There are 2 protein chains.
Amino acid sequence: MFKTEKKVSFFDTISPFVKISPKSRSALLSVMQKDHYPKGHVLVPLGGICRHVYYIEKGLSRTFYIKDGKDITEKFCTENSFTCSMPASIVNVPDNRQIELLEPSIIWSMPYTELEKLYDDYHDIERMGRFVVTNELVHMHQRLSDLQFRSAEERYNNLLQKNPDLLQRVSLGLISSYLGITQETLSRIRSRV
Amino acid sequence: MFKTEKKVSFFDTISPFVKISPKSRSALLSVMQKDHYPKGHVLVPLGGICRHVYYIEKGLSRTFYIKDGKDITEKFCTENSFTCSMPASIVNVPDNRQIELLEPSIIWSMPYTELEKLYDDYHDIERMGRFVVTNELVHMHQRLSDLQFRSAEERYNNLLQKNPDLLQRVSLGLISSYLGITQETLSRIRSRV
DNA sequence: TAGTGTTTTTGATAAATGTCAAAGGAAAAG
DNA sequence: CTTTTCCTTTGACATTTATCAAAAACACTA
């Protein structure tokens, strides 16, 4: 008798780092929902509390907030990675971060409350959670040291080197605020090659 | 018969968030080492791989690195919090971060390899690990948005408000690089009150 | 193809911050 | 108490980046 298992890229992403038992795997799948969304869809609207963790199977999301009337991109999230409104999910408090999709995307949603239950019941899922958060932390460290003492030009070149496809997929206005500079400055940096 | 349990502030710090069983507690204690260090002691020297997670019971540490000959403070760590050279511990690769003590301190050291074993054996300790990392991540988020689009003055006032005692305990030269500015600029910001 | 809206570039100028050098001040050492 | 060292402030100037306004390039639609 065959056991048909749909291939889910989610598990391909985490399996090199965390071993997930078959039981845990199906427990996870039971709380995960897969959706197709169009470009421009808002996953987390302004004022809403982010109650899910999202895994992006395909597509591209942007986490942003408005500060002094300016739209500031905090994070881009591409294929095979996780996103959520971090402080909101952890402290369960609304914050001003929104998440929108910049491309038609395939998203897996996991309700945070369900995930907490799985953390209780399955040690390996708790480990997966730790792994995901840790990875994110390492990533944040790199961004922090970028912003702390690199010039705008260094930051741009860094991005160009580490994430060249992002510049193809995202408009410069969004990239510039991600780098912590204005659009005009980014344009000038690009012109003086 | 009395069971004498020494009070360990470590557990006071985490217990509001993570419930640690007595078994796990003693397992943790068995791999934790408490030390007194003088001011100026170097926990993680240049080129060394950080193989421990440190919990600061008393005192103050500074994580820093040298970039273009300049000493850059990445993080301060005060009483009842954790520190380690993040990328080094996770990826187990040497990096250029050093950790030194700015005051005489009481430090609990946990070897990373031992901790990994405990993660395997004790679900609640794994949860504790997830909790610590998550907390750190929330904290990093705040710093990131500070650095991304706030002026030097805003950042200073922020620090003054959120962490006033740090300014009493640490010299301005170290604070300034933490804020991502030069010492002269910080001095001028302070003078124009 | 012309027309409309959006994104990117360019220009002129202002503001913020860095750099280098030196002078004060405070704290530690003799 | 004096000397030495370290920390902080001040000054003059250079550089980077922001701001505001407009032009140019591009993309989409009728």
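Chain naming here is simple, since letters A, B, ... match the order of the sequence lines and numbering starts at 1 in each. Keep in mind that the numbers below use all heavy atoms, side chains included, and drop hydrogens, waters and symmetry copies. All values derive from a computational prediction rather than experimental measurement.
Rounding to whole angstrom units, CD of residue B:Gln183 and P of D:dT8 are separated by 6 Å. Residue B:Glu154 contributes atom CD, which lies 14 Å from atom C1' of D:dA18 at whole-angstrom precision. Rounding to whole angstrom units, CG of residue A:Leu167 and C1' of C:dT7 are separated by 15 Å. A straight line from CZ of B:Arg190 to C1' of D:dT10 spans 14 Å, rounded to a whole angstrom. The interatomic distance linking A:Leu179 (CG) with D:dA18 (P) rounds to 11 Å, in whole Å. A:Leu174 places its CG atom 13 Å from the C1' atom of C:dT8, with the value rounded to the nearest Å.
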Worked verdict on B:Ile20 versus B:Ser24 for side chain to side chain contact (heavy atoms under 4.5 Å, CB included): CA-CA 6 Å; B:Ile20 298 288; B:Ser24 301; 3.8 Å; yes

Residues B:Glu74, B:Arg62; criterion side chain to side chain contact (heavy atoms under 4.5 Å, CB included); working and verdict: CA-CA 8 Å; B:Glu74 180 174 270; B:Arg62 177 175 86 101; over 6 Å; no

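Inter-axis angle, ends of the helix from C:dT1-D:dA30 to C:dG30-D:dC1, five pairs per end, rounded to 10 degrees: 40°.
By the side-chain hydrogen bond (donor to acceptor under 3.5 Å, both in side chains) test, B:Ser15 is found to be paired with no residue, residues two or more places apart in sequence or in another chain being considered.
A:Ser187 comes within 4.0 angstrom of a base, heavy atoms only.
A salt bridge links B:Lys67 with A:Glu154; the closest basic N to acidic carboxylate O contact falls under 4.0 Å. In summary, A:Arg192 and A:Glu153 engage in a salt bridge, as defined by a charged side-chain N under 4.0 Å from a carboxylate O. Salt bridge status for B:Glu136 with A:Arg130: absent, with no side-chain N to carboxylate O gap under 4.0 Å.
A chain of hydrophobic side-chain contacts below 4.5 Å, direct or via other Ile, Leu, Val, Met, Phe, Trp or Tyr residues, connects B:Tyr119 to B:Phe11. Taking hydrophobic clusters as Ile, Leu, Val, Met, Phe, Trp and Tyr residues chained together by side-chain heavy-atom distances below 4.5 Å, A:Tyr178 does not share a cluster with B:Phe149.
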With sugar-phosphate taken as primed atoms, P, OP1 and OP2 and all else as base, the protein-contact string of nucleotides 11-22 of chain C at under 4.0 Å (heavy atoms; B, S, -) is BB----SSBB--

